[in-house]
Protein chains: 2
Amino acid sequence: MEATYRALREHGYADLTMRAIAEEYGKTTAAIHYHYDTKDDLLVEFLAYLLDKFLDHVRDIETDDPERRLGDLLDGLLIDREDDYDLVCALLEMRAQAPYHDAIREQLVRNDEYIRDVLRAVIADGVERGAFRDDVDPDAAASALITIVKGARTRFVVLADSSVLHVARDVAGAYVADVLEA
Amino acid sequence: MEATYRALREHGYADLTMRAIAEEYGKTTAAIHYHYDTKDDLLVEFLAYLLDKFLDHVRDIETDDPERRLGDLLDGLLIDREDDYDLVCALLEMRAQAPYHDAIREQLVRNDEYIRDVLRAVIADGVERGAFRDDVDPDAAASALITIVKGARTRFVVLADSSVLHVARDVAGAYVADVLEA
DNA sequence: CCTACCGATCGGTAGG
DNA sequence: CCTACCGATCGGTAGG
């Protein structure tokens, strides 16, 4: 997985070959085929590896306070990513393959739904506990925040400038303040 | 260009070959090399073709009224795109290549700056004419709206559901109403 | 997990 | 713009 990551970073998805991965791995392509039947199997497994890496910053949020928890989540999804340019690029490459590859698309859909569930839960909790307005639709609000997060990461890939992540954090913050809070 | 578009739609960027393009073109690969020296030259030209197609919905906005003009722009960037799934996918594929391909990245940066300029101009005009609050930073506001637009299009590729475009239109509308307007 | 190799296909070109 | 083809490289495998 690490060798695939390095090979992808260097060559890009379109030029990612078993030989390039094997070279990073320090073994032959036959060694890779011993662990994965096909290149496709390897790439599906690799996406799971990337998504797990990505969720690292989302999982370990401690606070129970809805407002603070939502803020920490947005920080984890945006600000904490500024040193992970390679990871964001790799995930966008996989995302661009979704229309042509069912297994990849399904994994990404599941991952996106997971993140939306996490956001929806904290927003619903905030509504219930009076931190957010009681006419807020947690489902719609979660979709809105996800849209902002994804937009920031897509811009980040092309511009390679972490200021787009901070801009998005501000936009998300404004959305929370103006739409969710009273 | 049209043949390349069809071949990309069918095979994806990673499996886009000169032979597949030639087949869609109805000629041989040698015929393509008569017009473009290398596959790379063709792809750079192809991106320009895609971006031009994309800007179609942005160029022909008539009204001068800042609020209405901004609304029309957001409609053009989001709602008008719901029947252009293939175009949005193709552009995301090109975008994912940016880190590995200077000419592609520069074209995308230029395109993004153009759209930001258009948004910034209408927002600045609105501030000047009193339609928007006078403490609005047109530059920051344009970046915010672009982030929302890009997020919607990235989600659209994986989910293939135009509701994400409408959600984003609502989020952008809320931003305009809550942050730009009084 | 390596050596050695397979058939298939790649981008590109010489000659017309 | 076609025919015919080039060297290079692809994903994958047999045998050990």
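Chain A is the first sequence line, chain B the second, and so forth, proteins listed ahead of strands; every chain is numbered from 1.
- Residues B:F132 and B:E67 are in side-chain contact: their nearest non-hydrogen atoms beyond the backbone lie under 4.5 Å apart.
- For the pair A:L119/A:L145, a side-chain contact is recorded, criterion being any heavy-atom separation below 4.5 Å from C-beta on.
- Under the Watson-Crick or G-U wobble criterion, with both distances below 3.5 Å, C:dG16 is paired with D:dC1.
- Interatomic distance, B:L87 CG to B:F54 CZ, rounded to the nearest 0.5 Å: 7.5 Å.
- Figure legend. D:dC10 is base-paired to C:dG7; pairs are counted as Watson-Crick or G-U wobble with both atom distances under 3.5 Å.
- At least one test fails for A:R110 against the ring of A:Y114: distance under 6.0 Å to the centre or angle within 45° of the axis.
- The side-chain heavy atoms of B:H11 and A:Y100, taken from C-beta on, include no pair separated by under 4.5 Å.
- Side-chain polar atoms of A:D161 and A:S163 form a donor-acceptor pair below 3.5 angstrom.
- Counting only heavy atoms from C-beta outward, the side chains of A:L47 and A:L91 approach each other to under 4.5 Å.
- Here chain B contacts DNA chain C (any atom closer than 4.0 Å to a heavy atom, that is under 4.0 Å), and the contacts span C:dC10 to C:dT13 from 5' to 3'.
- The stretch residues 7-23 of chain A touches DNA chain D through A:L16, A:T17, A:M18, A:R19, each having a heavy atom under 4.0 angstrom from the strand.
- Using a 4.0 Å cut-off on heavy atoms, the residues of residues 31-49 of chain B that approach DNA chain D are B:A31, B:Y34, B:H35, listed by number.
- In terms of heavy atoms, B:A140 sits closest to B:Y175 at O-OH, 4.5 Å.
- Of the residues A:V149, A:I148, A:V164, A:I79, the one that meets the side-chain contact (heavy atoms from CB on, under 4.5 Å) test with A:R169 is A:I79.
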* To do: Would you sort out whether A:R116 and A:D112 count as a side-chain contact (heavy atoms from CB on, under 4.5 Å), showing the intermediate values?
  => CA-CA 6 Å; A:R116 216 178 67 174; A:D112 288 4; over 6 Å; no
